[in-house]
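Notes for the one structure printed next.
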Number of protein chains: 2
Amino acid sequence: MTSQKATTPGRRPAAARTTSRDVARAAGVSQAAVSLVLGDKWRGRVSPGKAEAVRAAARELGYRPNLAARSLRMGRTRTVLLVVPALTTEFFARVYTGAARIAADHGFGVVLYPSPEGIGPARDPFDSAAATLDGVIASSMAAEALTPLRAADLPLVMLDSDPDDARATATVNLDIAAGARQLTGHLTALGHRRITHLAADVRSWTFEVRARAVTEALDAVPGTLLRRQPTALGVDAGLRAAHAALAGPGPRPTALLCDDDIIAAGACKAVRRLGLRVPEDVSVTGFDDLALAVAVEPELTTVRLPAEEFGEAGMRALMAVLDGRPAQEPTLPVELVPRGSTAPPPAGAGNAARPGGE
Amino acid sequence: MTSQKATTPGRRPAAARTTSRDVARAAGVSQAAVSLVLGDKWRGRVSPGKAEAVRAAARELGYRPNLAARSLRMGRTRTVLLVVPALTTEFFARVYTGAARIAADHGFGVVLYPSPEGIGPARDPFDSAAATLDGVIASSMAAEALTPLRAADLPLVMLDSDPDDARATATVNLDIAAGARQLTGHLTALGHRRITHLAADVRSWTFEVRARAVTEALDAVPGTLLRRQPTALGVDAGLRAAHAALAGPGPRPTALLCDDDIIAAGACKAVRRLGLRVPEDVSVTGFDDLALAVAVEPELTTVRLPAEEFGEAGMRALMAVLDGRPAQEPTLPVELVPRGSTAPPPAGAGNAARPGGE
DNA sequence: CGGTGGAAGTTATACGTAACACGGCCGTCC
DNA sequence: GGACGGCCGTGTTACGTATAACTTCCACCG
């Protein structure tokens, strides 16, 4: 019993890592004492002198606790899952960045929903992960991916989703509606009255809010003509949608209000392809303020979304939930960024609706 | 002995997960048998009937193995670290996507170097992670972040780095040199002789290769004038560098060969700001073929880098190393994508060097 | 008919950690 | 002077898994 069999079978022959027992031996204490000291729970249990000795030994030996063992013992993994539509989207890459930063501050890691092609259920993200997660953060744009998760009832923070969503433990939002209102106000203040909204045909809370806010804001301005042109995401889709909006029947819109910067970039191409100019003939606005917005010419008037802060706020909420504290559920402000892609409408362009006219 | 103490102290009161022992009880076998069956190691150890019973019970109970316990037992975590400069870069987001896909196929997870602001040692990525990683994939652009890793000697796959780098267990490359040659050839074939290379001032293998390849390719074409203008990364930096290159002393270059698409976008802005046109007066080329390349106008002639495949190849190499198999160390081909930002030089532009001239 | 060997299982063990339960020891108070 | 409680610590246990080592049974061969 006392002689320990050194034969450890079936294990990989890795360089043996230093364990808490090694530290204990070096410091002349028991392994329990090491755990107490390094876990900062030694208030009246270990003398300050020995505590210091333990810390010194740990430093000396370069001790790193084995996370697997800790997780097994504690039943918590200090790992959370971030579910987003795609990481190749700059916006969500930035959300991740912010979220990961806060998580790291709390000693947590972030794993990503590994679906390469957007939302599709290509692979069950919770296959083995569910056994290993402490919580989940999910964008409303990837909400469908959450259904497999219903089994495990993990704390769930929703990003930019319906506050009434019953699945969410907490919700953190961007003030998308305010952004849409500012954009609309910017255009009407410049004199635009015929505006076409290039609306992303993605079923998602965030786009529904945009559409509603644009409609309501324009309803408040008399004599405006709002049309809606559905579009898929991406430059090409935006180009096609804008082409349809500009070349279609009825009076030509003087402004294209696009649901994101990428669609807006496509819209700008469509405008020029029709022999028109941005912004002299047609104003174009984006949404998100991606790096792209200042790469194209003219630079896009858009709404800046604080993506990193968004991720940070979401992760802070999740950390609060995991700590049993009440979660802050803020709605983060957004900011209109006027740039070169908007200008007053051309002089010849009359109002959309003359008194009594159709 | 037979009566098990139910008091499990200091554990979180989580919903008790089903363990392999629960499955064993349900299937009427021992826990060891469950492990053998689900681990697919039962060839001559468990009868097919019982094996099927085990599988059924596992399915029925929704059994998910506890990864922490498995890691502790096996000494492997099935987790690898991906070290890249920044995830907000589309290129590396795509590398991640490809790498994560292959890793998932092998039952591995990918964690990211969590430095938010590029390479800086804001946080030691290996603080606790080193205890928990099976391997590392690193871009040469983030090679400095690797130094803390030297302690643990994990398998390391380098992406796009010097094949002689002694730290690497394996290296996977893109044929950057070929891309640079193709780009240079494209320009010279169009007739360009005065070319300025907007070279990223980032110390990195990949950019060194570009510079060398451009130089060598142009050296082979008589009568050319190559200049080099260093630039930081980003649209603004590219704009400033291009401005310097175009407005500086000496004959104006007829083509700007930029180290990436983002710099190229900035360069296009600079060209127009000087009252010139792309491509009629100045041709501009990019590198990477980001989404940006077709969002700007004119669309960028560039070199398409297979980012996802790159990540996949890197991860495949790492998986091979971890399996003890020989790793493939390919150099992936790249592809010239001619678009609207390049054209023959203006008729008035003479050759850079007339015979005998300076 | 004894021995051999393979199939079919089970029992036991260790991975490294956190924390409960216990046990001395000493000062103090009734 | 004995009981008590606060300090300082150690022994022990369990988390869930994978697998070595053992046991049993049975068929088959010499």
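On a predicted model such as this, the values are computed, not experimentally measured, just so you know. Within every chain, numbering begins at 1; the chains are lettered A, B, ... in the order of the sequence lines, protein sequences first and strands thereafter.
Among the nucleotides D:dG9, D:dG16, C:dG9, the one closest to any side-chain atom of B:V46 is C:dG9. Considering only side-chain atoms of B:R45, the nucleotide from D:dT17, D:dC15, C:dG9 that sits closest is C:dG9. Closest approach to the B:T19 side chain among C:dG16, D:dC8, D:dT17 is made by D:dT17 (side chain taken as heavy atoms from C-beta onward). Closest approach to the B:N66 side chain among D:dG9, C:dG9, D:dT17 is made by D:dT17 (side chain taken as heavy atoms from C-beta onward). Listed candidates were D:dT17, C:dG9, D:dC8. Nearest to the side chain of B:Y63 is D:dT17.
Rounded to whole Å, the distance from CZ on A:R21 to P on C:dA14 is 11 Å. Taking atom CZ of B:R78 as the reference point, atom C1' of D:dT17 lies 14 Å away to the nearest angstrom. Whole-Å rounding puts the A:R76 CZ to C:dA19 P distance at 11 Å. Distance, B:D22 CG to D:dT17 C1': 13 Å, rounded to whole Å. In this structure, B:L72 places its CG atom 9 Å from C1' of D:dG16, rounding to the nearest Å.
Listed by residue number, the members of residues 28-44 of chain A with any heavy atom below 4.0 angstrom from DNA chain C are A:Q31, A:A32, A:S35, A:K41.
Contact annotation: B:S71 does not reach the phosphate of D:dT17 (side-chain N/O to OP1 or OP2, under 4.0 Å).
Within the structure, the salt bridge (Lys or Arg N to Asp or Glu O under 4.0 Å) test picks out no pair touching residues 29-38 of chain A (sequence neighbours left out). Within the structure, the salt bridge (Lys or Arg N to Asp or Glu O under 4.0 Å) test picks out the following pairs touching residues 310-328 of chain A (sequence neighbours left out): A:R101-A:E312, A:E312-A:R316, A:D323-A:R325.
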